[in-house]
Novice: 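Pasting a structure below so you can have a look.
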Amino acid sequence: MVRTVPGGTRLPSAAAGPRPGEDEAKDSGPEHAPATCPGVNGDEPDGEASDARLIKASLRAPERFAGVFDRHADEIHAYAGRRLGPEHADDVTAETFFVAFRKRHRYDTSRPDARPWLYGIAGNLISGHRRAEVRRLRALARAPHDAGERGAHEEERGAERASAAALRPALAAALARLSSAERDLLLLVAWADLSYEEAAEALRIPIGTVRSRLHRVRAKLRRHLDLPQED
């Protein structure tokens, strides 16, 4: 299985050996166990099979994992680009699917959509670039401010929707002041459009923690943007 992500980065072959220093002992598993779910034996097109079925099928036929990559690579690439800029997006995307392929035997096949799992892997990789992300946000915060007719409340709503490339300076500065964990959760909901349940799955935290943490993050954003606090 060889796929090229946007920018020309090639995913490692399914037959490639472990990377230097990779702990294969921890990740070893039944990668060649017989698969019995529908779609495994080619009776269901990859475009119709759920992510879980493709991943389960890939345990016996590794090339089937390419369907997961083809389905989600552009989305992961766009998210990494928003967080870190285009210079890191290719590497994060390729590494996300490399890790996912190596650990596919651990995937919970009761979950048909692999997006939260993939975003969780991507988030762990992005966390290794925390300094680069904060530098990017601070650079955006120093950009010329064009307030126009938009009010502070409209700017706060932008925190839920805007891409990093279009962040207004005050909002970029506010995001830079959040912790890495706070930023991860907020942007999984705002930019990746994950539900609370999916964000909890991606971050491996209880949904109650998602709700309480988001409440605190929004309160912080309001303080940083000098907005009135919610009741």
Side-chain angles (χ1 to χ4, degrees), residues 5-9 72-97 99 115-116 118-194 196 198-199 202-203 205 209-231:
V5 300
T9 302
H72 300 299
D74 287 346
E75 185 176 345
I76 296 296
H77 188 271
Y79 179 72
R82 287 180 174 186
R83 296 285 301 267
L84 300 174
E87 64 273 21
H88 295 293
D90 287 354
D91 288 343
V92 169
T93 303
E95 189 68 16
T96 294
F97 284 91
V99 172
R115 289 172 67 249
L118 294 171
Y119 273 112
I121 295 171
N124 286 336
L125 295 169
I126 289 170
S127 70
H129 298 273
R130 285 191 300 270
R131 292 180 181 178
E133 182 177 28
V134 171
R135 282 197 302 268
R136 174 177 169 79
L137 289 169
R138 287 175 177 168
L140 290 167
R142 293 191 296 269
H145 184 67
D146 180 17
E149 298 298 323
R150 296 175 64 185
H153 287 284
E154 186 173 355
E155 184 161 21
E156 186 211 12
R157 288 197 297 272
E160 303 288 338
R161 298 191 300 267
S163 72
L167 282 177
R168 291 168 62 83
L171 181 54
L175 289 176
R177 294 171 70 178
L178 297 176
S179 71
S180 178
E182 291 170 336
R183 216 167 29 247
D184 284 346
L185 175 56
L186 177 67
L187 299 183
L188 280 175
V189 173
W191 289 351
D193 200 26
L194 298 189
Y196 286 10
E198 290 170 334
L203 298 173
I205 58 177
T209 301
V210 167
R211 297 182 188 279
S212 60
R213 188 176 295 174
L214 273 177
H215 180 77
R216 291 195 300 270
V217 169
R218 286 167 177 154
K220 282 188 177 183
L221 285 179
R222 286 178 172 273
R223 288 196 299 272
H224 295 333
L225 296 172
D226 196 23
L227 298 171
Q229 295 296 312
E230 293 178 325
D231 294 336

Novice: Using the salt bridge (Lys or Arg N to Asp or Glu O under 4.0 Å) criterion, which residues pair with Glu75? Sequence neighbours excluded.
Specialist: Arg115

Novice: Find out whether Val92 and Tyr79 are in side-chain contact, i.e. whether some heavy atom of one side chain is under 4.5 Å from a heavy atom of the other.
Specialist: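 Contact flag for Val92/Tyr79 side chains = no.
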
Novice: Could you tell me which non-hydrogen atom of Ala202 sits nearest to which non-hydrogen atom of Pro116, and how far apart they are?
Specialist: CB-O, 3.2 Å

Novice: According to ring pair (Phe, Tyr, Trp, His ring centres under 6.0 Å), who are the partners of His88, at least two apart in sequence or on a separate chain?
Specialist: His129

Novice: Any chance you could lay out the side chain to side chain contact (heavy atoms under 4.5 Å, CB included) test for Ile121 and Phe97, step after step, and finish with the verdict?
Specialist: CA-CA 9 Å; Ile121 295 171; Phe97 284 91; over 6 Å; no

Novice: Could you grab the distance from atom CG of Leu188 to atom CD of Glu198, nearest 0.5 Å is fine?
Specialist: 10.0 Å

Novice: Would you give the length of the straight line joining atom CG of Leu84 to atom CD1 of Ile126, rounded to the nearest 0.5 angstrom?
Specialist: 5.0 Å

Novice: Assess whether side chain to side chain contact (heavy atoms under 4.5 Å, CB included) is satisfied between Leu186 and Leu175, documenting all intermediate values.
Specialist: CA-CA 9 Å; Leu186 177 67; Leu175 289 176; 3.6 Å; yes

Novice: How many angstroms lie between OG1 in Thr93 and NE2 in His72, if you round to the nearest 0.5 Å?
Specialist: 13.5 Å

Novice: Let me confirm one number: the CZ-CG distance from Arg142 to Leu137, rounded to the nearest 0.5 Å.
Specialist: 11.0 Å

Novice: Under 4.0 Å between a Lys/Arg side-chain N and an Asp/Glu carboxylate O for Arg83 and Asp184?
Specialist: yes

Novice: Go through the steps for Lys220 and Arg216 under the test side chain to side chain contact (heavy atoms under 4.5 Å, CB included), then give the verdict.
Specialist: CA-CA 6 Å; Lys220 282 188 177 183; Arg216 291 195 300 270; 5.7 Å; no

Novice: What distance do Ile205 atom CD1 and Arg213 atom CZ have between them, rounded to the nearest 0.5 Å?
Specialist: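 It comes to 4.5 Å.
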
Novice: Is there a side-chain contact between Leu187 and Arg82, using heavy atoms and a 4.5 Å cut-off?
Specialist: no

Novice: Work out which heavy atom in Leu221 is nearest to a heavy atom in Ala174; give both atom names and the distance.
Specialist: CD2-CB, 3.7 Å

Novice: How far apart are the closest heavy atoms of Val189 and Ala199, and which atoms are they?
Specialist: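 The answer is CG2-CB, 4.2 Å.
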
Novice: If I take atom CG from residue Leu185 and atom OH from residue Tyr196, how far apart are they, to the nearest 0.5 angstrom?
Specialist: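 Nearest 0.5 Å value for the CG-OH distance: 8.5 Å.
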
Novice: Using modelled atom types and a 3.5 Å cut-off, is there a donor and acceptor pairing between side-chain atoms of Arg138 and backbone atoms of Arg135?
Specialist: no

